[in-house]
Amino acid sequence: NFWGTGHWSLAMAPAVGAAMVGSLFSSDSWNNVTFAAAEVRNPTRNLPRALALGTILVTLLYILANLSYLSVLPFHGEPDGTTTLARGIQYASQDRVGSAAMAAMFGSVGAAIMAVAIVISTLGCNAGLVLAGPRVFFAMAEDKLFFRKAGMLNEYRTPAFSLWTQAIWASVLCLSGTYNQLLDYVIFAQLIFYALTIMALFRLRRVRADLPRPVKAFGYPVVPGLYLLALLFLAVVLLIEKPLYTSAGLVIVALGIPVYLVWRRTAGRA
């Protein structure tokens with residue numbers, strides 16, 4: 001019983017929450033399709049479909065992948081094991097459980113197949129992020145909350161300035177730490193912004209009840225409320241378990257508040 005007094009106790013909740021960083025990252029960017037909403041045909045119908053089907057599909061694939069790992073490899077292993085089966089999931093080389101499972105099934109060829117699959121997946125993910133990210137800068141510039149140039153298109157109808165801004169910032173992040181450290185930065189910041197989005201949903205329902213709402217929030221207010229509580233719980237857990245990186249992420253997010261206020265005041269005078 002997870003909530004009991006035995007081995008699985010409430011004290012394990014923080015560890016479970018911190019361990020969810022990788023799984024959260026695997027399904028992150030599920031909302032990026034909304035960045036290009038202005039270019040989507042019939043967004044009232046197609047955006048909810050894309051969000052729901054994409055989230056369900058990724059979740060299903062992630063669960064099936066983990067079930068396959070558990071079917072192929074033993075959960076426990078030896079840190080000094082000489083084979084993938086001896087090391088198991090617990091001590092998989094460099095925590096690469098997928099590569100270990102493929103190696104156990106197909107030998108060295110399996111590991112190569114997994115490496116190629118990871119490269120293809122990474123390139124596909126990057127392509128989507130590169131296309132979607134500049135739309136945020138573009139929209140902010142139109143609202144006078146970012147550099148005016150970010151809202152301009154070049155002769156190819158491309159937001160070149162926004163693309164270059166994204167590329168430079170991504171390069172800085174890549175040079176700022178290891179992959180796992182970046183995960184802690186990114187996931188914590190995402191949790192904060194997701195929580196703020198849900199809070200904004202509740203506030204808008206109260207102060208702007210007259211706004212047209214062609215897309216309804218599923219299960220409102222119970223489902224968004226539970227989602228908000230889960231987000232806040234995970235954010236607190238990460239602050240406690242990994243304070244070195246999450247606190248820095250919190251500072252970066254918090255710095256956006258004075259920047260926003262100054263930029264808005266400056267834009268109002270222009």
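Side-chain atoms are counted along with the backbone in the values below, which use heavy atoms only and exclude waters and symmetry mates.
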Exercise. Any side-chain heavy-atom pair from V222 and L226 closer than 4.5 angstrom?
Worked result: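 A side-chain contact exists here, since the closest heavy-atom pair is under 4.5 Å.
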Exercise. Is there side-chain contact between F233 and V237, with heavy atoms separated by less than 4.5 Å?
Worked result: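 Side chain of F233 against side chain of V237, heavy atoms only: contact under 4.5 Å found.
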Exercise. Which pairs with one or both residues in residues 108-139 pass ring-ring contact (aromatic ring centres under 6.0 Å, His included), sequence neighbours excluded?
Worked result: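 Only F137-F146 qualify under ring-ring contact (aromatic ring centres under 6.0 Å, His included).
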Check: [X] side chain, [Y] main-chain N or O, donor-acceptor pair, under 3.5 Å:
X    : Y    : answer
R87  : G81  : yes
N154 : T158 : yes
E78  : A86  : no

Problem set entry | Contacts of type ring-ring contact (aromatic ring centres under 6.0 Å, His included), residue F147, not counting sequence neighbours |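 W263.
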Which heavy atom in [X] sits nearest to a heavy atom in [Y], and how many Å separate them?
X    : Y    : result
L129 : P134 : O-CD, 4.2 Å
S162 : A150 : OG-O, 3.0 Å
P74  : L85  : CG-O, 3.2 Å
A254 : P258 : O-CD, 3.2 Å
R213 : L211 : NH1-O, 3.1 Å
M105 : V72  : SD-CG2, 3.8 Å

For this session: List in chain and number order the residues that pass side-chain hydrogen bond (donor to acceptor under 3.5 Å, both in side chains) with Y220, two or more places apart in sequence or in another chain; answer none if no residue qualifies.
Result: none
Exercise. Got more than 12 heavy atoms from elsewhere within 6.0 Å of CZ, R205?
Worked result: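 Yes, CZ of R205 has more than 12 neighbouring heavy atoms, counting only those of other groups under 6.0 Å.
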